[in-house]
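I have placed the structure first, in the form of C-alpha cells, so that the comments after it can refer back to it.
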There are 2 protein chains.
Amino acid sequence: MARTPPGNLPQDPEAPDALPRHARTGKAVTIRDVAKVAGVSPITVSRALNHPELVTPDTLERVRAVVSRTGYVPNEIAGSLRSRRSGIIAAVFPQITNSMFVDTIQALSDDLRQEGYQVLLGLSSYGEREDELIAGIVGRRPEGIYLTGIAHAPDTRRRLIASHIPVVEAWDLTPSPIDMLVGFSHEKVGEAMARYLLARGHREIGLVWGNDLRAGVRRQGLLSVLAENGIHELPTSLEPAPGMFQRGREGLAELLGSGARVSAVACSSDVLAQGVIAEARDRGIRIPEDIAVMGFGDFDFAAHTSPSLTTIAIEKALIGRLAAQALLARIQGREVPERIVDVGFRLVERGST
Amino acid sequence: MARTPPGNLPQDPEAPDALPRHARTGKAVTIRDVAKVAGVSPITVSRALNHPELVTPDTLERVRAVVSRTGYVPNEIAGSLRSRRSGIIAAVFPQITNSMFVDTIQALSDDLRQEGYQVLLGLSSYGEREDELIAGIVGRRPEGIYLTGIAHAPDTRRRLIASHIPVVEAWDLTPSPIDMLVGFSHEKVGEAMARYLLARGHREIGLVWGNDLRAGVRRQGLLSVLAENGIHELPTSLEPAPGMFQRGREGLAELLGSGARVSAVACSSDVLAQGVIAEARDRGIRIPEDIAVMGFGDFDFAAHTSPSLTTIAIEKALIGRLAAQALLARIQGREVPERIVDVGFRLVERGST
DNA sequence: CGTCAAAATGGTATCGGTAACATCGCGGCC
DNA sequence: GGCCGCGATGTTACCGATACCATTTTGACG
C-alpha cells in the first residue's frame, strides 16, 4: 500500500503534490485551513457554510471560492459532537427481502432527506440481535429512531427511554408505545379476514402462515372470530420467516397431504399466497372454485396474479411518511398532535376468492 | 416519561434543573463518570469496553458493573472523531421499491454488521440528487462507500477519489472504476437475450423497457445483436423508472396498439414482464404460443407466474456479499486480489418462451 | 459629527472519547 | 539483591467542528 512521500512538513506552503493514492498527503483540509486561506476565522467559515445569512455576501463568496478550490468537506463527525446534532435517524427492520417494508423505508428516507437527515439502516435479520443492534445504534446518537414493531426486549425499551431519543414504533398498535406509534391492528386484520371468509360461506379454512410476531397476532384475531363461529381446529402449515413463494407451495402441499378438507386457504402474506396459487395450479386445483385463497399485504403483484389475489391492503408508504413527520416534529420541538396513529387497512376483493 | 433515578452522580452539587424541553436531566453519563465511580481512569474504561484483553479481569468486571448500573452508552461520535474510524459504510441506491437491490442491501448489511459496521443508506431516488447525496455522505466520513452503478457526475468521482475512502461500484461493469467493482455486463445480458430469442425463431420482437441507465445498456446490447441479424427497427414502449406491473400492462397495450406484429416481447425487468403477461391474459393472448415473453432479474415470483417466466438471473445477494468483502479488505489493509469482479448472469428458460 | 443599536466577525472553551507516550508494579533471572 | 521486561494503568493532548460570549464594524438618525 502506498507510503507517504517524504517531507510533507509544516511550512510547506503549497505544492499541488502528485497525489499518491490512498495517501494522506499532508493531512486532509480542515476548516482552519479554509479560514486561513480565506483570511477569516474558522467560525466565520462555519457560518458561511451553515448559516449563510449571517455573513456578508462578500465573505460568503470568498469562503465558498476557497472551499471549492481546496475541496474542503466539513467533518460532520466533529460538528455532530459539538453541536449535539448528528443529523442521523436510525431505522430498524427485521429484514427487507421479500417484505413489505421497502415502501416504508423508501418513504421514510425520502422525507427525512428532505430535511437534511440521513438514515442509518439496521437490519436485525433474525430475531435475537435487535438488542445489540439498538445498543450500537444509540451510541451513534441518532436524533430519532424508527422501530418496526412493538415487541422489544425490556432492556431495550428501558435503554431507549433513558436515551431521550424520539422513537417511533411502526407497523403495529399498542396503547403503550415507547414514545410514538404509527401502525394498525393486526388483530383486527385477522378478524376481518375471518369474517370475510365466513361471509363467503367458507367453514373449512386452512392456514399457510408465517411464524413472525405480527403474523402471529393476525392469526390470533382470525382464530378468535372463527372460534366464535364454532370453528375450532384448522389445518395449519407454519412457515419460517421470511415468507417465500416456495414456502407457499410447500404449505399447500402440507395442508392437502394432511388429508384435511379445505375450501379456503388464508395466508399471512401475499408471497405465500402466490405460492399457494402456483401449487394449486400445478395440481389442477381451480381457484377460487375449488379453493379460495387470500393473502395479506397487497403487494404490487397481487393484482396481477392469475387469478388476482384477494388481500389486505396497507398504506406502506404512508406509514413511513407519518413516521418521518412524527420524528421531525419531535426533533424540532413541535407539538406532536397524536402520539398514536392508526392507519388502518383495507380488504381488497379480487379473483382468488 | 421516565425520570432519572435520583443521585446517580457522586457529590452532585446542584439541582437537576427543571428539565427544559428535551429533558436533559442532569447530563448524560460520560466515560469520566463511569471512571470515577469505578475508581479508574477514563482510558481504562475505554480499554475495558473496546479491548477487554488489555485489562485485568478484576477491573474489567468492576467497570462492566458500573457501566450496566449507570446505563452508560459510549458516545461513538466522540470516539469516531478521535480514532478516525466512524464504523460506518455508506450505501447508495437509486431507489429500492420494485427493485432488485433489496437482496443486495440485505447481504451487504448482514456481512458488514458481522464486522461491526453499520450501513448508512442513501437513496438517490430520482436522479440528479446523487451528487448532493454523496457530498453529504462523505462529510460523515464513512469508512467505505457502496455505489450502485458506474455513472457518476465527474465532480462526484473526483470528490470520492480525493476523499481516499474505499469505494465499490456495483451492478455494472467498466474497465475504469473509481476504485473497486462488483458487477456484470449489461451489454452482454442484452446480447444474450437477443440471441436466445433469435434461436427460438423470433424475428418480430417488441420491447417493453424501462428508461434507466443500466436498462439502456442492455437495450444497446440487444439491439446490436438484432441488427447483426438484419433486424433494425423494433416496436418499443419505454417506461419511466421504477418499473411497475401496471407499466408492463400499458407497455403491451401500446405495442399492440401501434399495429406492429410481435411474436416475442422482451422486458427490461421481470416486473414489467409480469405486467405484460397479465395484459396478454386479459386479452386472450396465449403465452408463449401467440407471444413469448422474457424478463430480467429472476425475481422470486418469476418461477411462479403463469406461465413461469423466462428471465436472466443475477446473483443479487452475492453482489452485496462481495462488495462487503472488498470494502472490508481495503479497510483492514488487506490486499484486494481483484479490483474488478464479474459475477456474470444466467439465462433461465421457463414457460413464457 | 457623535451616539447607539444592529450586524458582522472573532476568541476561547468545549463536546467525549482515544492515541501516544509515560509510569508503575511485579516476578524472574543472574 | 538489583536489574530487566512486560503487563496494567495513568497523563496529556488532541480529533475538528460549533456554542457562547466578546469585540469590532456598520449604518441610521438626531
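Just so you know, these numbers use all the heavy atoms, side chains as well, and skip hydrogens, waters and symmetry mates. Residue numbering restarts at 1 for every chain, and letters A, B, ... go by the order of the sequence lines.
Whole-Å rounding puts the A:Arg62 CZ to C:dA8 C1' distance at 12 Å.
Under 4.0 angstrom from either OP1 or OP2 of C:dG10 there lies at least one side-chain N or O belonging to A:Thr44.
Rounded to 10°, the helix from C:dC1-D:dG30 to C:dC30-D:dG1 has 40° between the axis fitted to its first five pairs and the one fitted to its last five.
Taking the six-membered ring where the residue is Trp, B:Phe101 and B:Trp171 present perpendicular rings, their angle passing 60° and hence far from 30°.
For the side-chain hydrogen bond (donor to acceptor under 3.5 Å, both in side chains) condition, no pair includes a residue of residues 71-81 of chain A, sequence neighbours left out. The stretch residues 46-57 of chain B participates, sequence neighbours left out, in no side-chain hydrogen bond (donor to acceptor under 3.5 Å, both in side chains) pair at all.
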What protein N or O atoms touch nucleotides 15-20 of chain C N or O atoms at under 3.5 angstrom, if any, and at what distances?
unit_1	atom_1	unit_2	atom_2	d
C:dC15	O3'	A:Arg84	NH2	3.1
C:dC15	O2	A:Arg82	N	3.4
C:dG16	OP1	A:Arg84	NH2	2.7
C:dG16	N2	B:Ala78	O	3.3
C:dG17	OP1	B:Tyr72	OH	3.2
C:dG17	OP1	B:Asn75	N	3.3
C:dG17	OP2	B:Ile31	N	2.7
C:dG17	O5'	B:Tyr72	OH	3.0
C:dG17	O5'	B:Asn75	N	3.4
C:dG17	N7	B:Arg32	NH2	2.7
C:dT18	OP1	B:Asn50	ND2	2.7
C:dT18	OP2	B:Ser46	OG	2.2
C:dA19	OP1	B:Arg85	NH2	3.3
C:dA19	O4'	B:Arg82	NH2	3.3

Pull out every protein N or O sitting under 3.5 Å from an N or O of nucleotides 5-8 of chain D, one pair per line with the distance.
unit_1	atom_1	unit_2	atom_2	d
D:dA8	O3'	B:Thr56	OG1	2.9

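The side-chain contact (heavy atoms from CB on, under 4.5 Å) test with A:Asp110 singles out one residue from A:Gln106, A:Arg113, A:Gln114, and that residue is A:Gln106.
Remark: nothing in residues 63-71 of chain A comes within less than 4.0 Å of DNA chain C through any heavy atom.
Residues A:Glu115 and A:Gln332 have side chains in contact (heavy-atom distance under 4.5 Å, counting atoms from C-beta outward). Counting only heavy atoms from C-beta outward, the side chains of B:Pro177 and B:Ile340 approach each other to under 4.5 Å. Side-chain atoms of A:Val341 and A:Met180, non-hydrogen and from C-beta on, never get closer than 4.5 Å to each other.
Qualifying side chain to side chain donor-acceptor pair (under 3.5 Å) partners for B:Glu143, counting only residues two or more places apart in sequence or in other chains: B:Tyr117. Every residue meeting the side chain to side chain donor-acceptor pair (under 3.5 Å) condition with B:Asp179, not counting sequence neighbours, appears here in chain and number order: B:Arg330. Shown here are the side chain to side chain donor-acceptor pair (under 3.5 Å) partners of A:Ser41, two or more places apart in sequence or in another chain: A:Thr44. Scanning for salt bridge (charged side-chain N to carboxylate O under 4.0 Å, His left out) contacts around B:Arg62 gives B:Asp58, with sequence neighbours left out. With sequence neighbours excluded, the residues forming a side-chain contact (heavy atoms from CB on, under 4.5 Å) with B:Ala170 are B:Tyr146, B:Ile319, listed by chain and number.
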Side chains of residues 151-159 of chain A: which donor-acceptor partners sit under 3.5 Å, not counting sequence neighbours?
unit_1	atom_1	unit_2	atom_2	d
A:His152	ND1	A:Glu130	OE1	3.2
A:His152	ND1	A:Glu130	OE2	3.3
A:His152	NE2	A:Gly149	O	2.9
A:His152	NE2	A:Glu169	OE2	3.1
A:Asp155	OD1	A:Arg158	NH1	3.0
A:Arg157	NH2	A:Ser176	O	3.2

